[in-house]
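Only one structure is covered here, and it is reproduced in the block below.
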Amino acid sequence: MRAINLLIVDDDDVDRERLRRLLQRLEINVSITEAGSIAEARAHLQRSEFDCALVDYRLGDATGTDLVRLIKSELGRPFPVIMVTGIGDERVAVEAMREGVYDYLSKAQLRPQQIKNAIEGSLRWVQLETELAETQERLMRLSMFDSLTGLPNRNLFFDRLEQALRASGRGGATFALLMMDLNLFKEVNDTLGHEAGDKVLAEFGHRLQQLSRKSDTYARLGGDEFAGLLMGTDSVAGAVAVAEKVGRALRAPVAIEGDLVAVGVSIGIALFPAHGADARTLLANADQSMYEAKRSSKNYKVFTSRTSPGETNPFLVSSHLGEALDRKELFLHYQPKVSLQTGELVGVEALVRWQSHRFGLLAPSDFIPAAERSSLINPMTYAILDMALEQSRLWRDDGVELSMAVNLSARVLDDERLAERVVDALSSRGLKPETLMLEITETALMTSPTHARDALHALREAGVGISIDDFGTGYTSLKYLRDFPISEIKIDRLFISSLKCESRDASIVRSISALSDGFDVDLVAEGIESLECCPLLYELGCDFGQGFSIAYPMPADDLIAWRSGRASLMPSSGAKLRSAARLALQTSKG
Ligand code: C2E
Ligand code: MG
Ligand code: MG
């Protein structure tokens, strides 16, 4: 083992010598450097790396505390100082500890064992402090970069977008926003497996980084969704040239286990300020163009405010959205949430579907975004809440008490009467508020107005649970945990579905679990696609789990049967459950 590098700082030659002798008698390997003044100590500290300093309290016209302050401001790393005090200095030494001195020893009773303990303790302290700093750094990276592709994540991307908007206010800067969605990604995942899917994503991350100019930001927003922010691009032609370059780069096949897989991308383009003056509008417009691009022969589309009539596209869906409510075409499937410790069913999540007489069966991703852009999201959400609570009431009357989770869109948080309406919906059915869990995404929390915070506090005080959905894909930040009355965190399936021991995902789950430990919240793993993950997830700190391997979302009638005979249900439930499974699979791409 290497020697411990010690620095003794004392202006009294005799005391220094005494301390040196004591240290040399210890059964630890030490290398000692001496300094007689603060200036000398400072010079030594600048020249070489020490593990610990033993500092006299009185140093001529300065004190050991002055040295501690100096070290703190100049060294930039945790560094332990053990203060050695003369008679009568103990009181000041205690004060010095408040300034960051690790320990103090009295000169009058210096014992070798005591010094040894102090030195060894201080080294452990440094190690802990360093690990803590590294964990913070890792969490910080996790909260800003996507671990699979190394690209900025949603978090950092939105931050840059906000920055760009702020800068534009000052100097008239322009930029283009690209929203990108991979074309055949789901097929790669389904036919070649998730590992192949991950390879494609990582490779595309690499390609985007390669073609990125210094002023561009390319990010992975989640799933197979990417985005680009092109600073300084002020013309449609400029943005289109970049979109074509990106299109070519992502059309080139990826080699996977001897196969060449061509995936391709659809790109929606919105320019600032021509196509929107704020982040929400720009994102919605680029998104809308992206969907149009998916249905066109070109792989990109620049936003135009007019959409072509007669096409079966999300905009057609959005213009008939009212029918979903008027004709009562919405219905719910329920996905079980189980305890990872006991396997017991603890609750369900209500997931909406639309059986449209016009378009057939639609998944939430086909119409919720359109509803969110329209004023229909509020009535739709309250209709869904009513249906879910009505089901809770029916189950309760049959003696089955399950927690019911309902998803809330960001827009609904704007409704000032949210808390009141939720509480009314519960009390009119005689349901305990504790049985309801409202799921909100991090990004929705982040973009919500201040009165949303009050509404959530009011709901939490009434007993309703608040869950952060898709955690890890948005603004993963301790701040929100602190500011909002959170009772549950659902870790996004991005980290769960391909979880393996000792993988990066496992370490992410472990970090989230460590992070949530300080707050009184339950941790739920969503998107568990293999039952083998369950023990590991439990070990990593997840209390509950949800996912296809446990159960697909299913109609209410099937749920009770599922609960009483899980194994026997799958084959006998027939077409209904299988189509639920197919729908869930189709839409799980997100
Ligand atoms: P979410 O709240 O994160 O719901 C979980 C989604 O993941 C569901 O998709 C579910 O079917 C899917 N899923 C569950 N287990 C697995 C798994 O093991 N693997 C994979 N790949 N996927 C799994 P669904 O039903 O298509 O819903 C998608 C999203 O649509 C939901 O994500 C939620 O954000 C939104 N949504 C659903 N219902 C509502 C609603 O009533 N209101 C609002 N505002 N949004 C809703
Ligand atoms: Mg949810
Ligand atoms: Mg989720």
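For clarity, every value in this text was computed on a predicted model and none was experimentally measured. Just follow the structure's listing: the first ligand is 1, and inside any ligand the first atom is 1.
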Heavy-atom distances under 4.0 Å are what count here, so tell me which part of Asp469 touches ligand 1: side chain, backbone, both or neither. side chain
Do Ser409 and ligand 1 have an N or O pair less than 3.5 Å apart? yes
For Glu439, the N, O or S atom at the shortest distance from the Mg ion (ligand 2) is OE1
Can you tell me if Ala363 contacts ligand 1 (heavy atom of the residue under 4.0 Å from the ligand)? no
For the CD1 atom of Ile512 and the CG atom of Leu139, what is their distance to the nearest 0.5 Å? 8.5 Å
Any N/O/S atom from Asp469 (main chain or side chain) under 2.8 Å of the Mg ion (ligand 2)? yes
Heavy atoms only: give me the nearest Glu162-Ala279 pair and the separation to one decimal. OE2-CB, 3.7 Å
Report yes or no: does a heavy atom of Lys490 sit under 4.0 Å from some atom of ligand 1? no
Heavy atom under 4.0 Å from ligand 1: found in Leu351's side chain, backbone, both, or neither? both
Specify whether His333 and Phe331 have parallel, tilted or perpendicular ring planes, treating 30° as the upper limit for parallel and 60° as the lower limit for perpendicular. perpendicular
Suppose we call two aromatic rings close when their centres sit under 6.0 Å apart. Are Tyr552 and Trp562 close by that rule? no
With Gln546, which of Lys337, Lys490, Glu526 fulfils side-chain hydrogen bond (donor to acceptor under 3.5 Å, both in side chains)? Lys490
Sorted by first residue and then second, give each salt bridge (Lys or Arg N to Asp or Glu O under 4.0 Å) pair with at least one member in residues 375-392; sequence neighbours left out. Asp386-Arg429, Glu390-Arg393, Glu390-Arg429
Run the numbers for me: atoms of ligand 1, each under 4.0 Å from some heavy atom of Ile528, listed by number. 18 (O)
Closer than 2.8 Å to the Mg ion (ligand 2): does that hold for any N, O or S atom in Asn407? yes
When you compare the side chains of Gln288 and Lys301, does any donor N or O come within less than 3.5 Å of an acceptor on the partner? no
For the residue pair Thr281 and Asp278, confirm or rule out a side-chain donor-acceptor distance under 3.5 Å. yes
Ligand 1 contacted by Glu349 (non-hydrogen, < 4.0 Å): yes
Residues 458-468 side chain polar contacts: donor-acceptor under 3.5 Å, at least two apart:
residue : atom : partner : partner atom : Å
Arg460  : NH1  : Val464  : O            : 3.0
Ser467  : OG   : Glu488  : OE2          : 2.7

For Asp470, is the nearest heavy atom under 4.0 Å from an atom of ligand 1? yes
Using a 4.0 Å cut-off to any heavy atom of Gln335, which atoms of ligand 1 qualify? 14 (C), 15 (N)
Can you name the N/O/S atom of Glu349 that is nearest the Mg ion (ligand 2)? OE2
Structural part of Gln546 in contact with ligand 1, heavy atom criterion under 4.0 angstrom: neither
Ligand 1 versus Met380, non-hydrogen atoms closer than 4.0 Å: side chain, backbone, both, neither? neither
